[in-house]
Protein chains: 2
Amino acid sequence: MSISEPTDVELKILRVLWQQPGATARQIHNAVHANQDKNYSTTVKMLSVMLDKGLVHRNDSVRPQTFTAAVTRRKTQKSLVSKLVERAFDGSASSLVMQALSSGKPSKEDLQEIRDLIEKLEQRE
Amino acid sequence: MSISEPTDVELKILRVLWQQPGATARQIHNAVHANQDKNYSTTVKMLSVMLDKGLVHRNDSVRPQTFTAAVTRRKTQKSLVSKLVERAFDGSASSLVMQALSSGKPSKEDLQEIRDLIEKLEQRE
DNA sequence: CCATACTAGCGAAACCTTTCGCTAAGTCAA
DNA sequence: TTGACTTAGCGAAAGGTTTCGCTAGTATGG
C-alpha cells in the first residue's frame, strides 16, 4: 500500500501546499498556473485525483475547502532521489551527488554544509 | 529543438546501450526484460520511437540492425538531475546533494571522492 | 430575495507511453 | 529453392496523466 510517486503536475501542487498549507483550490490554481491560461477545473480535478491517491488531505468543514499535503516534502524528495539513483545512476547515490555538485553552482555556504554532513557520515563508521 | 527527456523504458534501453553499444534489438530486449515475458515487438517499437525522438542511432548496414545511444550518459544524467532539482528542490542542487548523501549509504571512498570534488569547487571561487 | 459570481464534481476528450498482434521481409540450413 | 525461424514495421489497443465543458451547488452584495 505504498503511495505512488507524484507526477509532474502533482508535484507542482504539492510544492504549493508545502509552502502554503491549507490553501484553497483557487489559491493553488493561481500559484501553479501563474500566468498561463489553464482552466480552473483542471486544478480542481487534479486535487480530486490526488485525494484519491492519498497525496493530499481536504478540509470540508470550511468553505471554500482547503487542502494540505498528505506526504512530507522530505519523504517525497527522498523517494524521488532514490528512484532517480536507481533509474539513472545504477544505484550509486554518490554518482548522483558528483553529478549534481558539478553541474549546479553551489555557494560557499552550501559546500560547507555538505562538508559538515560528510564529516558526520564518516564518524558514523 | 531540444532532445526530450527519456521516459522510464527509454532509460532502461539507454542504460543497455551505454554499456553495450551496437547491440541488436534482440540483445537489448533480453537485457531489459531479463526474466519477464514481454513481447519482443515492444522493444522493437520502443527503439523505433526512440529513433524518431533522436535518442538512438541505428546502423542499417548490418544485419540484424544495431543500435547505439545518441545521447551520452553524462548529458542524460545531468539533464535528469537538473530537472529533479528544478521540480522538487526549488532549484537548489545542494539540497538534493544533502538528501542523496543522507539517504544513500556512501562508502569511505565515495565520501573521499566527494570531498575532493568539493575542494576543487572551493578553489574555483 | 435575486442575480451574479465563485466553487465543486464528473465524464469524457486529448495526449503520451507502453504493449501487442499481425504481416512482410530477410536469413539460413538442408 | 523451400520451410522454418528471426527480424522489422505498423496500426491500434491499453493504460496513465492532464485538460476541459458542462452542470449543480454555494456564497454574497445589492
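Values in this document were obtained by computation on a predicted structure and should not be read as measured data. Proteins get letters first, then strands, A, B, ... in listed order; numbering begins at 1 in each.
Partners of B:Val85 according to the side-chain contact (heavy atoms from CB on, under 4.5 Å) rule, which considers only residues two or more places apart in sequence or in another chain, are B:Val81, B:Ala93, B:Leu96. Contacts of B:Thr72 classified as side-chain contact (heavy atoms from CB on, under 4.5 Å), with partners at least two apart in sequence or in another chain: B:Arg74, B:Lys75. When the side chain to side chain donor-acceptor pair (under 3.5 Å) test is applied to B:Asp8, the partners found at least two apart in sequence or on another chain are A:Arg87. Taking A:Ser95 as the reference, A:Ser92 meet the side chain to side chain donor-acceptor pair (under 3.5 Å) condition, with sequence neighbours excluded. Partners of A:Asn59 according to the side-chain contact (heavy atoms from CB on, under 4.5 Å) rule, which considers only residues two or more places apart in sequence or in another chain, are A:Ser61, A:Val62, A:Thr66. In this structure A:Arg26 satisfies the salt bridge (charged side-chain N to carboxylate O under 4.0 Å, His left out) test with no other residue, sequence neighbours excluded. For the side-chain contact (heavy atoms from CB on, under 4.5 Å) test, residues two or more places apart in sequence or in another chain that qualify with A:Asp90 are B:Arg15, B:Arg73.
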For nucleotides 14-21 of chain D, give me one character per nucleotide, 5' to 3': B if any protein heavy atom sits under 4.0 Å from the base, S if the only such contacts are to the sugar-phosphate, - if neither. ---SSBBB
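In this structure, B:Asn59 places its CG atom 16 Å from P of D:dT7, rounding to the nearest Å. Going from atom CG of B:Leu47 over to atom P of C:dT18 covers 12 Å, rounded to whole Å. The CG-P distance, from B:Leu55 to C:dT17, rounds to 10 Å in whole Å. Rounding to whole angstrom units, CG of residue B:Asp60 and P of C:dA25 are separated by 16 Å. Rounded to whole Å, the distance from NZ on B:Lys12 to P on C:dT17 is 16 Å. Rounded to an integer number of Å, the gap from B:Asp52 CG to C:dC16 C1' is 14 Å.
Between B:Arg26 and D:dT6 there is no side-chain N or O to OP1 or OP2 distance below 4.0 Å. Not one side-chain nitrogen or oxygen of B:Gln65 sits closer than 4.0 Å to the OP1 or OP2 atom of D:dT7.
The closest donor-acceptor contact from the side chain of B:Gln65 to the backbone of B:Ala25 lies at 3.5 Å or more, if one exists at all.
Near DNA chain C, meaning a heavy atom under 4.0 Å from it, residues 15-25 of chain B has no residue at all.
Among pairs with a residue in residues 57-110 of chain B, none fulfils ring pair (Phe, Tyr, Trp, His ring centres under 6.0 Å), at least two apart in sequence or across chains.
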Expected rows: protein N/O vs nucleotides 27-30 of chain D N/O, under 3.5 Å:
none

Which donor-acceptor pairs under 3.5 Å do the side chains of residues 40-51 of chain B make with protein atoms, sequence neighbours left out?
{"from": "B:Ser41", "atom 1": "OG", "to": "B:Asn39", "atom 2": "OD1", "distance (Å)": "2.8"}
{"from": "B:Thr42", "atom 1": "OG1", "to": "B:Asn39", "atom 2": "O", "distance (Å)": "3.3"}
{"from": "B:Thr43", "atom 1": "OG1", "to": "B:His29", "atom 2": "ND1", "distance (Å)": "2.6"}

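When every heavy atom of B:Ser103 is checked against every heavy atom of B:Gln99, the shortest pair comes out as OG-O, 2.8 Å.
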